[in-house]
**Student:** 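One structure coming up, written as structure tokens, with questions to follow.
We number each residue from 1, following the sequence as shown.
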Amino acid sequence: MATETSPILGGDSVTGKIVRTFHIEALRMVGLAGMTLVFGLGWFITAVFINSRIPPETTEIYYIFGFNHICNNVDHMPAREVAAVLTPLATIPLVLFYTLNLYRMKYLAKIGKISGALNIFNLVTTPYNIFVFCLMHLWFVNPPDGEYGFVAHYIPYALIQWAGVFTAIQQLWYYIELDCVPFGLGKGFGKMFVAVFLGLTLYSQNLVVTVLVTQDYANGVPDPNGTFKEVLTYVYFAFCFVLPAIFSYGAIKGDGVMDKFTYEAIEG
């Protein structure tokens, strides 16, 4: 039986240390994969069980924009309830990652492996990311056609999107500075990815905010470019969550760097 001083998970029988070595990118990968699972299941449930009951052309999002965003896949019951139940698959690993990554970045900045600018970016965005993902479930409290309207529904989703943006930028910035972009893609690819991602972010956010601020709603009239814009919401989601999860997998398999966390029980 394990005691306070007995080794667990590779522990040291002399010092009583409990040692577990793992790559914290695994936490980011699992959390982002959890987000992908939430939307993937939402898409399946919506396509199979909801669209016949609530035609896509009759949704609140379609009424406002003239096309449906990707978030329509988790806006209606039962997809919304399933998504709400599954959110911990994303939030718990990501909050753990953000917390541990904060210490990793501070240490790497201290020994000169990363720039002060990257460390400051991480210090500023980490509390925001943790706060937003801890409140991710609020996204499902108010549906787009609910009592408080579409804006109240959209704000939590927009905040989550920005957390994804900050996470992806920090990830590629980190890979670029350490010259360890996954799959041997190189710094040039990393910089190009960030540039394209920032362009997508500015376009996507401006598209939604402009309509909401000006209240220039489509009123249910199909947007002539609606198919392109709807596909773009899926591409943007991939840049925010899917591709970063793949990059994390590549980092785990490729760079060989491990982060060790040690618990030591002290008698007395």
Side-chain angles (χ1 to χ4, degrees), residues 9-12 15 17-36 90-134 160-202 238-264:
L9 297 176
D12 188 324
T15 64
K17 291 181 180 179
I18 300 171
V19 181
R20 180 70 172 98
T21 302
F22 66 99
H23 205 310
I24 68 172
E25 286 286 345
L27 293 171
R28 172 155 46 192
M29 179 185 71
V30 171
L32 296 176
M35 282 290 292
T36 304
T91 58
I92 293 175
L94 285 173
V95 168
L96 287 172
F97 167 76
Y98 292 134
T99 303
L100 297 178
N101 189 56
L102 190 66
Y103 291 99
R104 175 173 69 169
M105 291 295 192
K106 289 175 66 175
Y107 172 73
L108 290 175
K110 182 178 180 180
I111 64 175
K113 292 290 187 180
I114 63 171
S115 66
L118 174 54
N119 186 44
I120 291 173
F121 179 82
N122 192 61
L123 287 171
V124 171
T125 59
T126 293
Y128 170 86
N129 293 340
I130 291 175
F131 176 76
V132 166
F133 274 104
C134 282
I160 292 166
Q161 276 191 322
W162 278 107
V165 169
F166 294 147
T167 302
I169 291 174
Q170 178 273 319
Q171 181 185 38
L172 268 296
W173 192 351
Y174 169 79
Y175 293 155
I176 291 168
E177 290 205 355
L178 269 64
D179 196 14
C180 62
V181 178
F183 308 112
L185 295 173
K187 291 183 178 181
F189 173 87
K191 293 177 181 179
M192 181 183 68
F193 181 91
V194 172
V196 172
F197 183 45
L198 288 175
L200 274 173
T201 296
L202 293 175
F239 269 78
C240 279
F241 302 109
V242 181
L243 294 177
I246 295 172
F247 290 150
S248 287
Y249 172 79
I252 295 167
K253 302 298 289 185
D255 69 17
V257 177
M258 301 294 283
D259 299 289
K260 180 181 291 187
F261 298 88
T262 304
Y263 165 79
E264 182 175 0

**Student:** Just verifying a value: how many Å separate Thr125 OG1 and Ile130 CD1, rounded to the nearest 0.5 Å?
**Tutor:** 9.5 Å

**Student:** For Val30, what residues pass the side chain to side chain contact (heavy atoms under 4.5 Å, CB included) criterion, not counting sequence neighbours?
**Tutor:** Pro93

**Student:** Working to the nearest 0.5 Å, report the span between CZ of Phe197 and CE of Met192.
**Tutor:** 14.5 Å

**Student:** How many angstroms lie between OH in Tyr98 and OG1 in Thr167, if you round to the nearest 0.5 Å?
**Tutor:**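 It is 2.5 Å, given to the nearest 0.5 Å.
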
**Student:** Could you go through the side-chain contact (heavy atoms from CB on, under 4.5 Å) check for Met105 and Tyr174 one step at a time?
**Tutor:** CA-CA 9 Å; Met105 291 295 192; Tyr174 169 79; 3.5 Å; yes

**Student:** With a sphere of 6.0 Å drawn around CZ of Phe121, does it hold more than 12 non-hydrogen atoms of other residues, nucleotides or ligands?
**Tutor:**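 For Phe121, atom CZ is crowded (more than 12 foreign heavy atoms under 6.0 Å).
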
**Student:** State, to 0.1 Å, how close Glu25 and Ser248 come at their nearest heavy-atom pair, and which atoms those are.
**Tutor:**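 Glu25 and Ser248 have their closest heavy atoms at OE1-OG, 2.8 Å.
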
**Student:** Taking side-chain hydrogen bond (donor to acceptor under 3.5 Å, both in side chains) as the test, write out the residues that go with Asn129, two or more places apart.
**Tutor:**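 Per chain and number, Asn129 pairs via side-chain hydrogen bond (donor to acceptor under 3.5 Å, both in side chains) with no residue.
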
**Student:** How far does CD1 of Ile169 sit from CG of Leu118, to the nearest 0.5 angstrom?
**Tutor:**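 One finds 11.5 Å between CD1 of Ile169 and CG of Leu118.
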
**Student:** Dump the intermediate steps for side-chain contact (heavy atoms from CB on, under 4.5 Å) on Leu243 and Ile246, then the final yes or no.
**Tutor:** CA-CA 5 Å; Leu243 294 177; Ile246 295 172; 4.3 Å; yes

**Student:** Tell me, please, which residues at least two apart from Tyr107 pass side chain to side chain contact (heavy atoms under 4.5 Å, CB included).
**Tutor:** Ile111

**Student:** Please enumerate all residues that pass side chain to side chain contact (heavy atoms under 4.5 Å, CB included) together with Ile120, with sequence neighbours excluded.
**Tutor:** Val124

**Student:** Counting C-beta onward and ignoring hydrogens, is there a side-chain heavy-atom pair between Phe183 and Phe189 closer than 4.5 Å?
**Tutor:** no

**Student:** Please report the closest heavy-atom contact between Lys113 and Leu178, naming both atoms and the distance.
**Tutor:**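 Heavy atoms of Lys113 and Leu178 come nearest at O-CD1, 3.6 Å.
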
**Student:** For Thr36, give me all partners under side-chain hydrogen bond (donor to acceptor under 3.5 Å, both in side chains), at least two apart in sequence or on another chain.
**Tutor:** none

**Student:** Would you name the heavy atoms of Ala168 and Pro244 that are closest together and state the gap between them?
**Tutor:** CB-CG, 4.0 Å

**Student:** Could you give all pairs that pass the side-chain hydrogen bond (donor to acceptor under 3.5 Å, both in side chains) test and reach residues 184-202, with sequence neighbours left out?
**Tutor:** Thr201-Tyr236

**Student:** Rounded to the nearest 0.5 Å, what separates atom CZ in Phe97 from atom CG in Leu32?
**Tutor:**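 So the CZ of Phe97 and the CG of Leu32 are separated by 8.5 Å.
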
**Student:** Please enumerate all residues that pass ring-ring contact (aromatic ring centres under 6.0 Å, His included) together with Phe131, with sequence neighbours excluded.
**Tutor:**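 Partners of Phe131 under the ring-ring contact (aromatic ring centres under 6.0 Å, His included) test: none.
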
**Student:** Applying ring-ring contact (aromatic ring centres under 6.0 Å, His included), can you list everything that pairs with Phe241, at least two apart in sequence or on another chain?
**Tutor:**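 ring-ring contact (aromatic ring centres under 6.0 Å, His included) check on Phe241 returns Phe237.
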
**Student:** Could you pull out all residues at least two apart from Phe193 that satisfy ring-ring contact (aromatic ring centres under 6.0 Å, His included)?
**Tutor:** Phe239, Phe247

**Student:** For a quick test of reading the model, state the closest non-hydrogen atom pair linking Cys240 to Val165 and the distance between them.
**Tutor:** SG-CG2, 4.2 Å

**Student:** Taking only residues two or more places apart in sequence or in another chain, which ones pass side-chain hydrogen bond (donor to acceptor under 3.5 Å, both in side chains) with Asn119?
**Tutor:** none

**Student:** Output all residues satisfying side-chain hydrogen bond (donor to acceptor under 3.5 Å, both in side chains) with Ser115, sequence neighbours left out; order by chain, then residue number.
**Tutor:**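 side-chain hydrogen bond (donor to acceptor under 3.5 Å, both in side chains) check on Ser115 returns Glu177.
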
**Student:** Rounded to the nearest 0.5 Å, what's the gap from CG on Asn122 to CZ on Phe166? Could you check?
**Tutor:**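 Taking CG in Asn122 and CZ in Phe166, the distance rounds to 12.0 Å.
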
